[in-house]
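In what follows, a single structure is set out as structure tokens and then discussed.
Throughout, residue positions are numbered sequentially from 1 according to the sequence presented.
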Amino acid sequence: MYFQPFLHYNYPMDKKAEWDHTSPLYFNRDLSWLDFNERVLEEGLRKDLPLFERFRFLAIVVSNYDEFFMVRVAAIKRALRAGIYGDPSGIDPAQQLQLIREKTYSIIRRLCACLMGEIFPGLAASGLELVRPDSYTVAQMDYLESFFIGQVYPVLTPLRVEEDKPLPYFESRGINAAFLLSPEDAPAAEETDGEGEPEGKIVMVQLPSALSRIIWLPSDGDELRWALLDDVMLTWGGYLFPGCHIRERMMFKISRDADFSVDERRDEDFVEAMGEVLEEREKSEAVRMVYSPGSDKLRDELAEYFSLGSADLYEFNGPFNPGSLMELASVAGFEDLQEKPWKIHAAPGFADDAPIWDRLSHGDLMLHLPYQSFDPVIRFFQEAASDPQVISIKTALYRTGGGTGSHQSISPIVRALEKAALNGKHVTALVELKARFDEERNISWANRLEKAGVIVVYGLSQLKVHGKVTMVLRREHERIKRYVHLSTGNYNDKTAKLYEDICLFTCREEIAYDANLVFNMITGYSLKQTMRRLAIAPYNLKSRLLELIENETNRAAQKYPGKIIIKCNSITDTDMINALYRASCAGVKISLCIRGICALVPGIPGLSENIQVISVIDYYLEHSRIYYFANGGAEELYLSSADLMQRNLNRRVELLFPIQDKKIHSELLDILNSYFLDNCQAWELNPSGKWERRHPHSHEMPFRVQKDMLSRAAAESSGPQPVKQEFIVRRSPPADQ
């Protein structure tokens with residue numbers, strides 16, 4: 001059985017059994033991640049979704065894999081070389097790599113079959129046709145040849161590959177062409193490779209990212225036709241090699257090891273060292289090659305050059321990096337091929353023009369992104385920058401989005417912090433340079449903030465600051481009042497339109513006091529101090545959660561009802577899993593909504609029979625972390641930046657903060673419970689490790705939690721009048737649309 005290798009040992013599932021506390025069960029985290037990516041794939045395979053919506057999910061699968069190989073597979077390979085064995089699931093690194101390969105190949109085959117057999121033919125039938133080389137008309141060939149010579153050829157740089165010489169630089173995830181050449185006038189039998197095949201020279205050509213991969217063909221009617229730059233490159237690449245015969249050609253991309261960072265134990269300039277790491281990362285060893293089919297010798301030669309084995313090679317029968325082709329969805333006239341964008345609603349608590357400080361003085365406010373607009377967060381920073389009564393802003397930023405170029409591409413929050421510093425306010429920004437794949441951007445805007453006069457702190461040694469918190473200090477009535485913003489997600493105005501997150505605005509003195517301690521701890525040398533309301537990793541967040549779980553366990557052991565509900569992205573920490581197992585054994589009812597990785601095994605008699613695990617994959621990326629404990633009727637509800645993973649609980653600075661406002665508490669608990677009612681987009685994990693999609697029973701109404709959240713946001717933004725709840729299931733559009 002495919003899922004059996006996930007388990008530490010064969011647990012007797014056919015009868016009630018006592019749990020052997022010395023041998024708990026865990027799923028392997030990386031194989032569980034593959035299951036998550038397969039759930040994303042399943043959305044792309046759904047024939048009832050619009051074509052561009054399906055295309056988007058398939059592109060996400062490919063992008064997810066790039067990072068997975070660069071980080072996780074690279075780490076497993078390193079563990080294999082070092083002889084490190086210690087995965088809680090009991091699977092050794094060699095077994096992991098084999099299972100990853102098998103599952104990945106299965107997913108890629110299904111993805112390519114859908115992409116080339118359904119998505120592109122469907123787009124063509126709708127009037128947006130990809131024309132491949134075997135279908136070029138004479139007129140199209142003339143146009144594309146002229147296009148290549150005039151607009152592509154001058155930009156390209158062919159790079160020869162020579163034995164015993166360093167390989168040319170190739171960007172990780174970049175798309176490249178490779179050609180196996182021989183002289184045109186060379187005799188057929190000259191210089192063989194020992195197997196009767198003529199020797200050849202290999203040349204690689206990188207496709208510049210500045211060139212669009214979509215080449216629009218001259219229109220001869222209402223239909224739009226386009227060619228792929230990759231195809232044009234392979235078809236007319238011979239212009240780069242006059243006097244040579246192209247024996248084989250193919251496209252390829254490599255994934256490089258990105259699972260390393262600065263050695264923070266060294267006494268050196270951290271920013272400079274991080275810059276060196278970024279350079280090293282792009283020249284690190286390759287861990288995977290993705291290639292187009294049909295060129296076996298060229299594939300094998302490249303694999304040897306990149307020191308890759310056959311298990312590291314993945315054939316991809318379709319356009320690489322399909323996410324870069326999503327600009328097709330913006331072509332006018334094809335709106336019916338994608339889901340109508342969901343409206344982002346205004347949050348009612350911020351609807352008036354009164355200063356945000358006045359509104360917060362009347363009570364806490366919550367935002368549920370992206371159903372409600374991110375604008376109040378930006379406004380929080382902008383008003384702080386302009387308000388003459390504000391004297392200081394302190395913030396911990398992980399990812400803010402934006403770019404490094406023009407003023408317009410800079411994050412509005414970064415611009416507000418600049419403005420605040422230029423207005424003479426005392427501004428402190430903790431910049432996390434270890435935010436993987438955002439390091440270069442963070443260095444850039446950190447330098448920009450420093451030039452404006454912001455005090456920039458570059459994270460903490462040995463710890464990644466992942467908590468999201470901002471504190472504004474304002475002079476009011478001869479005293480300083482502190483306003484705090486806490487969030488489950490990043491200060492990123494772009495992802496705030498795509499990621500589901502929850503944030504809290506408050507001026508409660510106890511939370512503000514704790515927030516002040518947090519900043520003292522992460523910017524100075526303050527020792528750990530007792531906090532009133534917040535918990536912070538790696539100091540007491542994990543112990544606080546374990547305490548809350550144990551409280552439920554103890555109550556249930558005394559025959560009092562216990563209940564735990566958790567929503568987070570991943571759960572892999574064995575201490576947390578074991579605590580939940582103990583709670584389940586005591587009779588606590590546990591509901592887990594885990595978007596991605598789940599190492600916990602639910603539904604095992606005598607171990608986890610009281611635990612259910614679901615996952616919701618839908619239009620928005622589920623990202624919020626919510627923790628609920630019944631607490632004998634005195635319910636406790638928390639939001640956090642932390643998932644239940646060792647890295648979050650032990651190696652990062654994370655925050656856990658309580659919801660104290662009764663109205664927000666009730667609303668948030670209702671939201672949390674709603675996830676477990678979803679019977680359209682939810683999947684449920686069974687004890688064997690298989691995820692099964694939920695469907696409405698014959699007596700049930702379809703319920704889709706993200707549509708429910710959208711309806712709630714619409715109702716709240718339109719005023720107190722009741723709005724009829726609408727439950728919508730995605731279906732194919734009528735044929736006449």
Side-chain angles (χ1 to χ4, degrees), residues 30-73 100 103-120 122-123 172-175 213 253 255 258 288 290 314 316-330 337-339 341-342 369-370 399 401 436-438 489-490 492 494-501 569-570 594-598 615-624 680-683 691 693 704 706 730:
D30 296 300
L31 300 179
S32 181
W33 181 90
L34 291 178
D35 285 339
F36 158 67
N37 216 28
E38 187 171 33
R39 294 196 297 280
V40 179
L41 170 68
E42 291 292 341
E43 292 301 302
L45 300 181
R46 288 177 56 181
K47 298 181 185 297
D48 61 321
L49 296 187
L51 283 172
F52 278 130
E53 191 71 6
R54 299 176 66 188
F55 193 8
R56 181 173 71 93
F57 281 113
L58 298 182
I60 290 171
V61 172
V62 174
S63 178
N64 285 348
Y65 261 126
D66 285 340
E67 186 169 333
F68 177 72
F69 273 86
M70 293 169 68
V71 179
R72 291 303 308 164
V73 172
I100 287 170
K103 188 66 172 178
T104 297
Y105 249 118
S106 172
I107 290 175
I108 288 177
R109 282 196 294 267
R110 296 171 67 201
L111 185 149
C112 290
C114 179
L115 196 62
M116 305 309 296
E118 297 181 30
I119 303 301
F120 286 128
L123 293 176
S172 188
R173 295 185 283 189
I175 301 176
R213 294 177 67 205
K253 72 174 183 177
S255 301
R288 174 186 68 153
V290 178
Y314 291 85
F316 194 92
N317 187 19
F320 297 169
N321 299 356
S324 65
L325 304 176
M326 280 303 296
E327 64 181 88
L328 292 168
S330 63
L337 299 183
Q338 55 190 309
E339 184 159 336
W342 292 9
L369 308 170
R399 304 183 198 271
R436 199 189 303 270
F437 303 123
D438 266 356
N490 298 313
N492 188 322
K494 300 296 189 297
T495 58
K497 298 175 183 177
L498 304 170
Y499 291 12
E500 181 272 336
D501 272 304
N569 298 320
S570 299
I594 311 295
R595 185 196 78 211
I597 303 169
C598 181
S615 175
V616 172
I617 308 295
D618 203 347
Y619 187 82
Y620 293 134
L621 179 81
E622 293 294 333
H623 195 250
S624 66
C680 296
Q681 298 296 133
W683 297 72
W691 290 88
R693 183 187 284 276
R704 183 176 167 194
Q706 289 198 0
R730 291 175 171 172

Distance col, row Glu500:CD vs Ser624:OG, nearest 0.5 angstrom, shows 3.5 Å
Within the 4.5 Å heavy-atom criterion, are Cys114 and Leu58 side-chain neighbours or not?
yes
Side chains of Phe316 and Val62: does their closest heavy-atom pair fall under 4.5 Å?
yes
Scanning both residues in full, the closest heavy-atom pair of Asn492 with Lys494 reads OD1-N, 2.9 Å
Please find the pair of heavy atoms, one from Ile119 and one from Arg54, that lie closest to each other, and give the distance.
CD1-CB, 3.7 Å
Would you check if Asn64 and Phe36 make a side-chain contact, meaning some heavy-atom pair closer than 4.5 Å?
yes
Lys/Arg N to Asp/Glu carboxylate O, Glu42 vs Arg110, below 4.0 Å:
yes
Rounded to the nearest 0.5 Å, the OH atom of Tyr314 sits from the CD1 atom of Ile108 at a distance of 7.0 Å
Quick check with a 6.0 Å cut-off and a 45 degree axis cone: is Arg72 positioned over the face of Trp33's six-membered ring?
no
Which pair of non-hydrogen atoms, one from Val616 and one from Ala682, has the smallest distance, and what is that distance?
CG2-CB, 4.1 Å
Does the plane of the ring in Phe52 sit parallel, tilted or perpendicular to the ring in Phe55? Use 30° and 60° as the thresholds.
parallel
Nearest heavy-atom neighbours spanning Gln338 and Ala329:
NE2-O, 2.7 Å
Donor-acceptor check, side chain of Arg595 to backbone of Glu622, threshold 3.5 angstrom: yes or no?
yes
With a 4.5 Å limit on heavy-atom distance, are the side chains of Leu325 and Arg213 in contact?
yes
Less than 6.0 angstrom from the centroid, inside 45 degrees of the normal: does Arg56 satisfy that with respect to the ring of Tyr619?
yes
State, yes or no, whether a side-chain contact exists between Pro319 and Leu115 at a heavy-atom distance under 4.5 Å.
yes
Hey, what do you get for CZ (Phe57) to CG (Leu111), rounding to the nearest 0.5 Å?
13.0 Å
Note, Glu38 side chain near Trp691 side chain (heavy atom, < 4.5 Å)
no
Does Thr104 reach the main-chain N or O of Ile100 with its side chain, forming a donor-acceptor pair under 3.5 Å?
yes
Without swapping roles, check the side chain of Asn321 against the backbone of Ser324 for a donor-acceptor pair under 3.5 Å.
no
If you measure from CD on Glu67 to CZ on Arg173, what distance do you get to the nearest 0.5 Å?
7.0 Å
To the nearest 0.5 Å, how far apart are CD1 in Ile594 and CG in Asn569?
8.5 Å
Pairing of Glu118 and Arg46 as salt bridge, 4.0 angstrom limit
no
Restricting to non-hydrogen atoms, name the atom on Ser172 and the atom on Ser255 that form the minimum distance, rounded to 0.1 Å.
OG-CA, 3.6 Å
Do you know which two heavy atoms are closest between Lys253 and Gly174, and how far apart they sit?
CB-O, 3.1 Å
With rounding to the nearest 0.5 angstrom, report the CD1 to CG distance, Ile597 to Leu34.
9.5 Å
May I ask you to decide if Asp618's main-chain N or O and Gln706's side chain share a donor-acceptor pair within less than 3.5 Å?
no
Polar side-chain atom of Ser32 near backbone of Cys598 as donor-acceptor pair, under 3.5 Å:
yes
Please examine the side chains of Leu621 and Leu498, heavy atoms only from C-beta on, and report whether any two atoms are closer than 4.5 Å.
no
